[in-house]
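So you know, we letter chains A, B, ... as the sequences are listed, proteins then strands, and number each from 1. Everything numeric in this text was worked out from a predicted model, so none of it was measured.
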2 protein chains.
Amino acid sequence: MPTDDTKSDPRTLTTVLNAIDIIRALMHLNGAGVTELANHLGESKSTTYTYLKSLEKGGLVRKDDDRYRLSYDMLIFGEYVRNQSLLYTIGKSEVDNLAAETGQYAHLVVEESGRGHNLYKSKGEQAVGDGYQMAKFQQRDYLHITASGKAILAYLPRERVEMIIDRYGLPARTEQTITCKDRLFEELADIREQGFSHNNEEEIEGFQAIGAPIRSRDGTVLGSLSVSGPKSMFGEDSECQRIIDLVTKVANVIEVNVNMHRRSSEIVKDET
Amino acid sequence: MPTDDTKSDPRTLTTVLNAIDIIRALMHLNGAGVTELANHLGESKSTTYTYLKSLEKGGLVRKDDDRYRLSYDMLIFGEYVRNQSLLYTIGKSEVDNLAAETGQYAHLVVEESGRGHNLYKSKGEQAVGDGYQMAKFQQRDYLHITASGKAILAYLPRERVEMIIDRYGLPARTEQTITCKDRLFEELADIREQGFSHNNEEEIEGFQAIGAPIRSRDGTVLGSLSVSGPKSMFGEDSECQRIIDLVTKVANVIEVNVNMHRRSSEIVKDET
DNA sequence: TGTCAGTGTTCAATATATACGAACGCCCCA
DNA sequence: TGGGGCGTTCGTATATATTGAACACTGACA
């Protein structure tokens, strides 16, 4: 396998990066045969085969009839990571309540490497669509295009925001997406003043959202909460205000509980 | 790094298996520093460091302050695998209903490499404990110790059951766990006759469960459904019978819907 | 304030693992 | 019945991983 530029540092294990490429490709292709995968990655069939067999031996990949697929061990890792997050263990039921009270989708989001990861999503009774609609909300997304993302950006140090923009740019998803850096910084200042963020069809046409940050006692942003639904939901001022109040209230409840939990853990730690 | 026996096949990529070992270790140690991890795995610090940096570059691991941890990308893979499963996408809401109606825990399980994987769990109002209690139910478990596992074993070909027993044995979790092969096969025959399985404190002291298989039209077992709770729940015959009826009914609903969906997908496929 | 024991990180030399094409057997469809 | 697709195996050419020793840094403790 030729050494390519993204893997060029002689002090990284190319074999590990290749294996990860295969894992990601298996996800994007929804499972694949050896030949298909080899062509997709531009590698030889025999090499690809060796990787698949090794990943299978390691338990990350299974061969299901005619295709290699990611195994259920991936689910174990995923659940583990989720349960490691205080925001999730403490916030889950609150997010469910929020979805129930608003009838819409509620999302709990954390930042990692400059992008927003959906830690948990809950669907209210009146939320449009089911499996299909739910899939519209990516598991991971750019921070500038969602209400939850902007709520996080607003409380990150400016230099980190700059770095994130440098890395990913400000790609547009719809006509409304904020693609101008100055515009974004203005909005982040507004968010800090108001205490909540608003997504005005910047991610999906016809969809709006309200987000609020969840911060630790030292001011660091831990994540954010959001409610999203069809723009008609946010049209009437009274209803829109109700959602804003609910989102900020619930975000605050989670924030207080997380900080309480952290404080008590610290006390236990100090005593040992 | 010395070649050890489990990795001895010259045609498997040791680097890939080593990387997977590190991923698993990071989970079991709840994140780790370089030295701690190197000691745990019996490898040199520098080697371990190279792996961690490569995994970080690949996005599977993040360095969080002072420890290396699994990244949120793992959550992406996990959610992807879950959503690939028809049993989950179709069964989720049914499992929620079942948990609501019984007030207990409901689990949706699939088999992979001879073990049961929890595809989805739902917690009813009266279910004892919360985060802690929930954690009692592993993400993956041996098939002979749970109601859902036994429901699956009952409908696997006998030779596969034999292979699974040869591979993992019949380890005991409690006094009640079935550890005798003949005893197990008797019970599997009973399950086939009754159409449901019963876990009598074989996994956790004080906990019982009822399970039922979900099968495809050709008879293959796709997974299983179960409800579990404190033994007092299953003491009264009337209540126990109610749970049996509910579990078998809901398993059947999921079964019918999954098979309907599969049939219509096949038709679409044939038409192309 | 200085020392110590711990950490993560770098490097050059050594040891060993990975990559590939060509060939095989297999199955399905024409 | 043959051809084209697939997954799989193998020998060899070549690129890769492994290691201990050394360094910089941090925080604890005296």
Side-chain angles (χ1 to χ4, degrees), chain A residues 1-23 25-26 29-58 60-69 266 269-272, chain B residues 1-23 25-26 29-58 60-69 266 269-272:
Chain A
M1 197 177 284
T3 329
D4 84 37
D5 15 318
T6 63
K7 301 170 187 171
S8 54
D9 179 353
R11 297 200 133 65
T12 32
L13 305 174
T14 59
T15 309
V16 171
L17 294 182
N18 291 337
I20 295 174
D21 284 348
I22 288 189
I23 290 173
L26 282 179
L29 298 173
N30 269 327
V34 178
T35 312
E36 182 184 357
L37 189 58
N39 291 340
H40 180 84
L41 295 168
E43 303 290 352
S44 77
K45 252 191 342 176
S46 47
T47 301
T48 305
Y49 177 74
T50 315
Y51 274 92
L52 285 171
K53 279 298 168 203
S54 305
L55 286 165
E56 188 182 27
K57 200 164 185 174
L60 263 46
V61 159
R62 69 173 200 272
K63 190 178 179 183
D64 159 40
D65 286 346
D66 53 345
R67 294 171 87 76
Y68 288 89
R69 300 177 187 280
E266 277 162 25
K269 208 172 158 190
D270 288 350
E271 281 171 355
T272 48
Chain B
M1 198 178 284
T3 329
D4 83 38
D5 14 321
T6 64
K7 301 169 187 172
S8 53
D9 178 354
R11 293 201 130 71
T12 28
L13 305 173
T14 60
T15 310
V16 171
L17 294 181
N18 292 336
I20 295 174
D21 285 348
I22 288 189
I23 290 173
L26 282 179
L29 299 172
N30 269 327
V34 179
T35 311
E36 182 183 357
L37 189 58
N39 292 339
H40 180 83
L41 296 168
E43 302 291 353
S44 76
K45 255 193 336 178
S46 46
T47 300
T48 306
Y49 177 75
T50 315
Y51 273 93
L52 285 170
K53 280 297 168 204
S54 305
L55 286 166
E56 188 182 27
K57 199 165 185 175
L60 264 45
V61 159
R62 70 173 199 271
K63 189 177 180 185
D64 158 41
D65 286 348
D66 53 345
R67 295 170 85 76
Y68 288 90
R69 301 178 186 279
E266 277 162 25
K269 210 174 158 188
D270 287 350
E271 281 173 356
T272 47

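For the side chain to side chain contact (heavy atoms under 4.5 Å, CB included) test with A:Ile22, the passing option among A:Leu41, A:Leu17, A:Leu60 is A:Leu41; the others fail.
Checked against side chain to side chain donor-acceptor pair (under 3.5 Å), A:Thr35 has no partners two or more places apart in sequence or in another chain. Applying the side chain to side chain donor-acceptor pair (under 3.5 Å) criterion to B:Lys53, with sequence neighbours excluded, gives B:Glu56, B:Tyr68. Under the rule for a side-chain contact (heavy atoms from CB on, under 4.5 Å), the partners of A:Thr50 that lie at least two apart in sequence or sit in another chain are A:Ser54, B:Leu13. Checked against side chain to side chain donor-acceptor pair (under 3.5 Å), B:Asp64 has the following partners two or more places apart in sequence or in another chain: B:Arg69.
Between A:Ile22 atom CD1 and C:dT18 atom P there is a gap of 13 Å when expressed in whole angstrom units. When rounded to the nearest whole Å, the span between CG of B:Asn18 and P of C:dA17 equals 10 Å. Following rounding to the nearest Å, A:Leu37 (CG) and D:dT8 (C1') show an atom-to-atom distance of 15 Å. The interatomic distance linking B:Asp65 (CG) with D:dG27 (P) rounds to 12 Å, in whole Å. The separation between A:Glu43 atom CD and D:dT8 atom P is 18 Å, rounded to whole Å. Computed from coordinates, the A:Leu17 CG to D:dA15 P distance equals 18 Å when rounded to whole Å.
Applying the 4.0 Å criterion to OP1 and OP2 of C:dT18, one finds that B:Thr14 has a side-chain N or O inside that range. The phosphate of D:dT19 has OP1 or OP2 within less than 4.0 Å of a side-chain N or O from B:Thr47.
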Base-contact (B) and sugar-phosphate-only (S) positions in nucleotides 7-14 of chain C, heavy-atom cut-off under 4.0 Å, - elsewhere: SBBBBB--
Side chain to side chain contact (heavy atoms under 4.5 Å, CB included) between A:Thr14 and B:Thr15, worked out: CA-CA 9 Å; A:Thr14 59; B:Thr15 310; over 6 Å; no
